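To start, the structure itself, in structure tokens.
Along the sequence shown, residues are numbered consecutively beginning with 1. Just so you know, these numbers come straight off a predicted model, no measurement behind them.
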Amino acid sequence: MIIIPRKAINRNSMSKEKRRNKNSNLKTILALLSYLKFYKRYIIAVLICLISSSVIVYFQPMIIQKITDFGMVGKNLKVIVTFVIILLLLIIIGQCIEVLQSFCFIKMYNAFYFDLMSMSFHKIMNLKIAYFTDKNSAQIIDNIKTDVTKVTSIVDRSFGIAISSFFHVLSGIAGLLVISWKLTLVVLLMIPIKYVFVSLLSKLSEKLTEEQIRKISLFTSWFSDNINGIKEIKLWGLQDNRYEKFSKSQKEILKNTNKITMISAWNTFIETILEWLIAGFIYVLGGIQILNGSLTIGGVFAFVSYCSYVTGPIIIILNLKFMISSILPSARRLFYFFDMEEENNNFVPDEKCIPDIINFRDVSFSYTADKIVLDNFNLKIQPGEKIAIIGENGSGKSTFLNLLLRFYEPNAGTITLGNKNIEEINLTSFRNMFAVVSQNPYLFADTIKNNINLEGKADGKQYSEACMDSRANVFIEKLPEKDNSMIGRNGSRLSGGEKQKIAVARAMIKGAPYIIFDEATTGFDIESEKYLQQIIKSGVNGKTLIMITHNYQYLEDMDHVYQLENGKIYEIAK
């Protein structure tokens with residue numbers, strides 16, 4: 001038996017981890033670049049500007065050399081004036097190109113940012129409902145905004161400067177070689193030295209950035225949770241307790257921020273030292289060549305100028321690795337988000353669904369492997385029927401609705417509409433058949449009218465009838481601005497009963513063939529309950545009504561009453 005030393009195992013596992021990280025980084029960079037192919041015209045325009053700018057930059061030190069050697073040293077005013085005018089013209093042309101280049105970058109940045117945000121919005125709208133169960137809205141928004149901003153920075157001005165630096169380096173090296181190849185070698189020696197430092201700092205930066213993203217995400221979620229639970233915090237006197245947690249979390253984030261900032265500071269420190277070391281060598285060696293007569297004063301000035309085209313830009317180019325290291329964690333998270341599974345629409349053509357028999361056949365479902373919520377569930381709902389489902393909390397009533405509305409898919413069994421599996425029907429068309437009033441309806445921070453007429457397609461008569469049927473018109477008429485009144489976030493300015501009446505009116509105005517009331521009368525007063533009971537009795541004729549309720553007075557008007565218990569469903573007498 002061969003015994004492998006523990007150190008060898010650790011080294012082997014570490015090398016595998018490094019390879020995985022490199023492969024992951026490469027895949028992320030390639031994915032990032034693949035998005036940029038949609039902005040070819042901007043990229044081509046920028047490249048033309050960069051090449052033109054580099055050509056202009058190449059000739060400037062040569063002109064300065066002519067001014068120095070043939071104008072100042074040669075005491076020729078005409079030469080000085082002529083070449084100064086040429087230099088000024090080149091600078092003006094160069095600045096015009098810079099403005100055009102900046103315009104192209106701005107257009108590309110805005111287009112890329114908008115596209116990524118649009119993709120994120122469409123993704124959010126189509127993700128499976130399970131994604132939202134353990135995340136709050138503030139955390140989701142913060143993650144998307146942070147990641148999109150970071151990823152978009154790859155086409156901002158700073159990256160543009162890094163790309164233009166590549167062309168400046170080429171023109172700088174060409175100029176250096178023309179003047180003195182020996183001095184050029186001294187300048188180029190700094191590249192491998194700088195690369196070593198950048199590699200070390202970029203790895204550390206990437207690790208700290210990933211940790212920072214995770215900590216900020218957790219803090220945002222925690223902060224949002226505390227704002228939503230502010231009443232409980234006040235009632236229980238938890239202010240000091242929550243502040244301690246807030247302070248601890250913020251200190252950890254700031255500590256990490258300090259580390260990231262200090263990495264940048266050390267990077268700048270190394271850049272400055274290297275630049276001045278190179279400058280010192282050039283002045284000494286250049287001075288020696290002037291004394292030997294192998295180089296003119298203008299040549300030294302030109303060399304120093306070309307040197308700045310190389311040392312400064314080459315540092316910026318090497319810093320690309322450092323800059324990308326801060327983008328990669330956000331890019332990975334954003335691309336993972338884009339790759340998440342969406343609701344299954346099968347790209348089925350959008351076609352109008354016709355009400356038919358809804359049939360649950362041997363349906364089983366569980367959220368986790370250790371607890372079955374629905375077990376061999378069978379139920380047939382005829383068009384135009386009124387059915388009620390009762391059961392204790394946790395019996396599976398909400399799960400039944402989630403499966404029917406296709407927020408989840410069964411683990412086993414099928415749900416059909418007529419002879420067709422509902423998963424084979426266009427999702428939007430299928431859901432358009434249902435009007436749902438839930439126990440806790442969500443209302444948007446808008447007017448009452450816009451919350452009832454969500455699509456904005458209902459006419460005045462349909463709107464008025466929906467308000468009357470739900471009895472929402474009673475409280476609406478008492479408001480100063482009537483149905484133009486703003487209701488606050490999730491109807492915060494309304495009572496529970498008023499929110500429910502708006503939700504009922506919203507369902508009525510949809511005109512869907514299937515109406516679902518999921519504990520919809522919560523918060524209703526006695527008069528409104530009686531009125532709704534009358535609607536259930538005669539106002540939904542021809543439509544299929546599914547009612548989840550604990551209120552047994554509604555059972556009298558039902559065609560069938562079912563009880564859910566331990567994942568099984570039974571029909572019971574009314």
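Atoms CD1 and CD1, from Ile390 and Ile572 in turn, are 3.5 Å apart once rounded to the nearest 0.5 Å. We find the CD1-CE distance between Ile144 and Met119 to be 11.5 Å, quoted to the nearest 0.5 Å. Rounding to the nearest 0.5 angstrom, the gap separating the CD1 atom in Ile448 from the CD1 atom in Ile476 is 5.0 Å. The distance from the CD1 atom of Ile387 to the CG atom of Leu379 is 5.0 Å, given to the nearest 0.5 Å. Taken to the nearest 0.5 Å, the CZ atom of Arg493 stands 13.0 Å off from the CG atom of Leu443. In this structure, CG on Asp147 lies 10.0 Å from OG1 on Thr152, to the nearest 0.5 angstrom.
Across every non-hydrogen atom of Ile327 and Val151, the tightest pair is CG2-CA, 4.1 Å. Among all heavy-atom pairs drawn from Met508 and Ala466, the shortest one is CB-CB, 4.0 Å. When all heavy atoms of Ile260 and Gln212 are compared, the pair lying nearest together is CD1-CB, 4.1 Å. The two residues Asp362 and Asn378 come nearest to each other via the heavy atoms N-OD1, 2.8 Å. The two residues Ala512 and Lys543 have their closest heavy-atom pair at O-CD, 3.4 Å. Across all non-hydrogen atoms, the minimal contact from Pro410 to Leu403 is N-CD2, 3.8 Å.
Distance alone, capped at 3.5 Å, is enough to place a donor-acceptor pair between the Ser395 side chain and the Glu392 backbone. A distance-only check finds no donor-acceptor pair linking the side chain of Lys107 to the backbone of Tyr42 [under 3.5 Å]. Counting only distance, with no hydrogens or angles, the side chain of Gln462 and the backbone of Asp459 share a donor-acceptor pair below 3.5 Å. Listed for the Asn411 side chain is a donor-acceptor partner under 3.5 Å among the backbone atoms of Ser366. Here the side chain of Asn453 pairs a donor or acceptor atom with the backbone of Gly456 at under 3.5 angstrom. Arg431 places a side-chain N or O within donor-acceptor distance of the main-chain N or O of Leu405, the cut-off being under 3.5 Å. Checked by atom type and distance alone, the side chain of Asp559 pairs as donor or acceptor with a backbone atom of Lys386 at under 3.5 Å. Side chain of Ser249 to main chain of Lys245: no donor-acceptor pair is present (N/O by atom type, distance under 3.5 Å, no hydrogens or angles). Looking only at distances, a side-chain donor or acceptor of Glu385 sits under 3.5 Å from a matching main-chain atom of Gln382. Between the Arg506 side chain and the Leu454 main chain, no donor and acceptor come within less than 3.5 Å of each other.
If you look at Phe444 and Tyr442, their ring centroids are closer than 6.0 Å. For Phe112 and Phe38, the ring centers sit 6.0 Å or farther from each other. The aromatic ring centres of Phe400 and Phe360 sit less than 6.0 Å apart.
Electrostatic pairing of Lys207 and Glu211 does not count as a salt bridge here, judged by no charged N lying under 4.0 Å from a carboxylate O. Looking at Glu342 and Lys123, a side-chain N of the basic residue comes within less than 4.0 Å of a carboxylate O on the acidic one, giving a salt bridge. Salt bridge status for Arg332 with Glu210: present, with a side-chain N to carboxylate O gap under 4.0 Å. With respect to the salt-bridge test (charged N to carboxylate O, under 4.0 angstrom), the residues Glu423 and Arg406 do not qualify.
No side-chain heavy atom of Ile546 sits less than 4.5 Å from a side-chain heavy atom of Phe517. The closest side-chain heavy-atom distance from Pro513 to Thr544 is not below 4.5 Å. Contact check for Val148 versus Leu334: side-chain heavy atoms found under the 4.5 Å cut-off. A heavy-atom distance below 4.5 Å is found between the side chains of Ile452 and Ile509. Using a 4.5 Å heavy-atom cutoff, the side chains of Leu417 and Ile357 are not in contact. Within the 4.5 Å cutoff, the side chain of Leu208 has heavy atoms near those of the Ile263 side chain.
Using bins of under 30°, 30° to 60° and over 60° for the plane-to-plane angle, the ring pair Tyr408/Tyr367 lands in the perpendicular bin. Note: Phe430 and Phe434 have tilted aromatic rings, judged against thresholds of 30 and 60 degrees for the angle between ring planes. Ring planes of Phe219 and Phe246: tilted class, angle from 30 to 60°.
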Under the criterion side-chain contact (heavy atoms from CB on, under 4.5 Å), I'd like the reasoning laid out for Leu494 against Ile502: C-alpha separation, chi angles, the key distance, then a yes or no. CA-CA 10 Å; Leu494 303 176; Ile502 288 177; 3.4 Å; yes
Does the pair Phe132 and Leu127 meet the rule for a side-chain contact (heavy atoms from CB on, under 4.5 Å), with working shown? CA-CA 9 Å; Phe132 303 92; Leu127 278 174; 4.2 Å; yes
Evaluate the criterion side-chain contact (heavy atoms from CB on, under 4.5 Å) for residue pair Asn402 and Phe365; output intermediate values, then yes/no. CA-CA 11 Å; Asn402 282 333; Phe365 181 82; over 6 Å; no
Applying side-chain contact (heavy atoms from CB on, under 4.5 Å), run through Leu564 and Leu374 and close with a yes or a no. CA-CA 9 Å; Leu564 256 172; Leu374 295 181; 4.0 Å; yes
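Asp375 and Asn566 form no side-chain donor-acceptor contact under 3.5 Å, judged by distance and modelled atom types alone. In summary, the side chains of Ser153 and Tyr109 do not present any donor paired with an acceptor at a separation below 3.5 Å, with no hydrogens or angles considered. At a cut-off of 3.5 Å, with distance as the only test, no side-chain donor of Ser118 or Asp115 sits close to an acceptor on the other residue. Residues Glu343 and Asn126 bring no donor and acceptor atom of their side chains to less than 3.5 Å of each other. No hydrogens or angles considered: a donor-acceptor pair under 3.5 Å links the side chains of Ser217 and Asn143.
In this structure, Arg333 fails the cation-pi test against Phe338, since its NZ or CZ atom is not both closer than 6.0 Å to the six-membered ring centre and inside 45 degrees of the ring normal.
Counting heavy atoms of neighbouring residues, nucleotides and ligands inside a 6.0 Å radius, atom CD of Glu571 exceeds 12 of them. Counting non-hydrogen atoms of other residues, nucleotides and ligands closer than 6.0 Å to NZ of Lys568 gives a total above 12. Residue Leu254 places its CG atom among more than 12 non-hydrogen atoms of other residues, nucleotides or ligands, all under 6.0 Å distant.
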